[in-house]
Amino acid sequence: MRGHQRTGRSPPGRGADPFNRLPRCGGERCFKLDSMPERPIADVLAGTVAVESRVRVKGWVRTRRDSKAGFSFLQVSDGSCFAALQVVADKALPNYSTEVLHAGPGCSVSVSGTLVDSPGRGQRVELRAEELIVLGRVEQPDTYPISPKRHSFEFLREVAHLRPRTNTFGAVARVRHCLALAVHEFFDQNGYLWIHTPIITASDTEGAGELFRVSTLDLSRLPMTAGGEPDYSRDFFGREAFLTVSGQLNVEAYCQALSRVYTFGPTFRAENSNTSRHLAEFWMIEPEMAFADLSANADLAEALLKHLFRAVLERRPDDMEFFDKRIHRGAVARLQAVVDKPFERLTYTDAVRILQRSGRRFEFEVSWGADLHSEHERFLTERHVKGPVVVTNYPKGIKPFYMRVDDGGETVAAMDVLAPGIGEIIGGSQREERLEVLDRRMAECGIEPQPYGWYRDLRRYGTVPHAGFGLGFERTISYVTGMANVRDVIPFPRTPGNADY
RNA sequence: UCCUCAGUAGCUCAAUGGUAGAGCAUCCGGCUGUUAACCGGAGGGUUGUAGGUUCGAGUCCUACCUGAGGAGCCA
């Protein structure tokens, strides 16, 4: 992999270090000018700071242990890596009894000292403090929510502004960042352009009704038409507008000129779904490629997922070790297995046959033409394949109008990628590029052609076979980390009845 | 939206219809190159909300609110 140097590893003391450019706060001593190089804890622990050299770190105290022999151990974290740095503070420090002995969990500190080999077990190096400044104290430590003990994820959701201070949510944030970068890296390396599709749209991709309305009309004094309907011609856009449920239709337009494109951004669904796999606001990755069929689409999905998993395994071994040990036993081995072997591929028709012959009693009967239920998908991916599986060529009656009708006319070139523990992680298809077939499908699905004039134009002017899919970013993070609920892999989750923070 | 379960100390949970408790966290003391520290002590409660049954309700009943798991919808 190229280009993976941390910017924080630039030479110390010249202002090139981004940490030195953070605004200072917490008292005049913070502004003291000296030559002490300031470094992220990740760099200190990674060995880029020489033992016996002097360094300053800034962060938050995780725990403090006092020794009556006359010194204290503080675990200090700044979020740059999973591990905290052990700081040894001697009673000789002028503020030892007044401040250091009261610097408990959550306090922000600036520590300058000498990095030394640690005589204790559990860490290679430690920082022998020569100056320890408490920048911000914790008021009422007895009710500080992030006390050094186990917390349930349900509780931490109620303090979403404080939960990034925990091991788990720090690790999630770093893995999420790593995955986001790897997404862009993968597409860039494969000749895809990142298209910023609009957040506010007028059309609904699926023809469904679960949209958030965007309006500047005064709800208490709605202008009405003669027919008694709200008069959206008086609204901001002169028509109805909504938050996007998918960038697919827009990105298809750019695909039909630039060949390989993708979107990666927030998506909104006003569905009243209360599950561990759904959010009202989530992030989605949607590539679209021209001159491509369903098979190429599945190849792309597999290559993308493998790239993402490989990137996390290589670049965040510290966080992945934590997830593997504390959140989901075997998380690392599971990812490694996915990277190492080809994805299984099944047609819907084969999948139905496998389910019918499995000898298992399902709550919902399996019959050709009906959509697969969660229990069926789980059987396929968790019991039958024991890994990711691509299911293709679904009956057209259960899929949207834009999917390409297969030869034979009964199925469409759709695909779902199913993953153990998550279910559907990717949904995609080869798109219908034939105008007359598209029109017939829109009519069958009861969709008004008028709002889709521009979408039909793409088939009227130089149409080509093309395909794409949507990958749920939170579901991907959930799979990678083993975090069971997507509400815990996005910083501030939005779900029905919940938009605090 | 439907089904099931659960709301008691900062957190995680106990408590046959009969005096509201423990562990962790916090604070104080002791011990210790500590690291899931250990030992002792202290503070900390309108039992989700509103009604009802009862001599008596954390416990039983009704409604509502909140959360979790599952389902549907999907990514």
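Order of the sequence lines fixes the chain letters, A, B, ..., with proteins taken first and strands second; residue numbering starts at 1 for each chain.
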- Query: Which residues satisfy the side chain to side chain donor-acceptor pair (under 3.5 Å) test with A/His466, sequence neighbours excluded?
  - Reply: A/Glu252, A/Gln256
- Item | Pairwise P distance, B/G56 and B/U4 [rounded to whole Å] | 32 Å
- Message: Starting the side chain at C-beta, find the nucleotide from B/G72, B/A25, B/G67 nearest to A/Asn498.
- Response: B/G67
- Item | Rounded distance (Å) that lies between atom P of B/A71 and atom CD of A/Glu424 | 14 Å
- Pairwise C1' distance, B/G67 and B/C11 [rounded to whole Å]: 15 Å
- Task: Quote, to the nearest angstrom, the C1' distance that separates B/U59 from B/G18.
- Result: 11 Å
- Item | Between A/Glu130 and A/Thr114, a side-chain donor and acceptor under 3.5 Å | yes
- Item | 5′-ward residue of the pair A/Phe364/A/Gln75 relative to RNA chain B | A/Gln75
- Message: Under 3.5 Å, is there a donor on one side chain and an acceptor on the other for A/Asp416 and A/Tyr348?
- Response: no
- Note on the structure: A/Arg157 atom CZ is separated from B/U66 atom P, nearest whole Å, by 16 Å
- Task: Considering only NZ, NE, NH1 and NH2 on the basic side and carboxylate oxygens on the acidic side, decide whether A/Arg176 and A/Glu474 come within less than 4.0 Å.
- Result: yes
- Message: Give the residues of residues 481-493 of chain A touching RNA chain B, defined as any heavy atom closer than 4.0 Å, sorted by residue number.
- Response: A/Asn485, A/Arg487
- Message: Say we look at B/U46 and B/G41: how far apart would their P atoms be, to the nearest angstrom?
- Response: 26 Å
- Neighbours of RNA chain B within residues 276-286 of chain A, by heavy-atom distance under 4.0 Å: A/Ser276, A/Arg277, A/His278, A/Leu279, A/Phe282, A/Met284
- Pairwise C1' distance for B/U16 and B/G30, with rounding to whole Å: 42 Å
- Among A/Val57, A/Leu74, A/Val76, side-chain contact (heavy atoms from CB on, under 4.5 Å) partner for A/Leu127: A/Val57
- In chain order, what residues pass the side chain to side chain donor-acceptor pair (under 3.5 Å) check against A/Glu432, with sequence neighbours excluded? A/Arg434
- Task: Please measure how far the P atom in B/G17 lies from the corresponding atom in B/C60, and state the result in whole Å.
- Result: 7 Å
- Query: Does any N or O in the side chain of A/Ser358 come within less than 3.5 Å of the main-chain N or O of A/Leu355, such that one atom is a donor and the other an acceptor?
  - Reply: yes
- Task: Could you name each residue pair satisfying salt bridge (Lys or Arg N to Asp or Glu O under 4.0 Å) that touches residues 141-169 of chain A, not counting sequence neighbours?
- Result: A/Arg157-A/Asp488, A/Arg163-A/Asp488
- Message: What does the B/S/- profile of nucleotides 27-33 of chain B look like, 5' to 3', with a 4.0 Å heavy-atom cutoff to protein?
- Response: -S--BBB
- Message: Quick check against the 3.5 Å criterion: does A/Arg431 have a side-chain atom that pairs as donor or acceptor with the backbone of A/Gly468?
- Response: yes
- Task: Applying side chain to side chain contact (heavy atoms under 4.5 Å, CB included), run through A/Val175 and A/Leu179 and close with a yes or a no.
- Result: CA-CA 6 Å; A/Val175 165; A/Leu179 284 167; 3.9 Å; yes
- Task: For nucleotides B/C65 and B/A57, find the distance between their P atoms and express it as a whole number of Å.
- Result: 26 Å
- Message: Please enumerate all residues that pass salt bridge (charged side-chain N to carboxylate O under 4.0 Å, His left out) together with A/Glu382, with sequence neighbours excluded.
- Response: A/Arg378
- Query: With a 3.5 Å cut-off and no angle check, do the side chains of A/Ser429 and A/Tyr394 form a donor-acceptor pair?
  - Reply: no
- Message: Suppose we screen for side chain to side chain donor-acceptor pair (under 3.5 Å). Which residues come up paired with A/Asp350, at least two apart in sequence or across chains?
- Response: A/Thr347, A/Arg353
- Quick one: does A/Arg475 reach the base of B/C74 with a side-chain donor-acceptor pair under 3.5 Å? yes
- Message: If the condition is side chain to side chain donor-acceptor pair (under 3.5 Å), which residues does A/Lys396 pass it with, not counting sequence neighbours?
- Response: none
- Message: Distance check, P atoms only: B/G7 and B/G48, in whole angstrom units.
- Response: 8 Å
- Message: Taking the six-membered ring of A/Phe322 as reference, does the cationic atom of A/Arg316 (NZ for Lys, CZ for Arg) lie under 6.0 Å from its centre and within 45° of its axis?
- Response: no
- Message: Can you build the contact string for nucleotides 2-15 of chain B? Use B for base contact, S for sugar-phosphate-only contact, and - for no protein heavy atom under 4.0 Å.
- Response: --------BBS---
- N-O pairing of A/Arg345 and A/Asp299 below 4.0 Å: yes
- For RNA chain B, consecutive-pair runs of 3 or more (Watson-Crick or G-U wobble, both H-bond-type distances under 3.5 Å) give B:1-7 with B:65-71, B:10-13 with B:21-24, B:26-30 with B:38-42, B:48-52 with B:60-64
- Item | Residues in ring pair (Phe, Tyr, Trp, His ring centres under 6.0 Å) contact with A/His151, at least two apart in sequence or another chain | A/Phe155
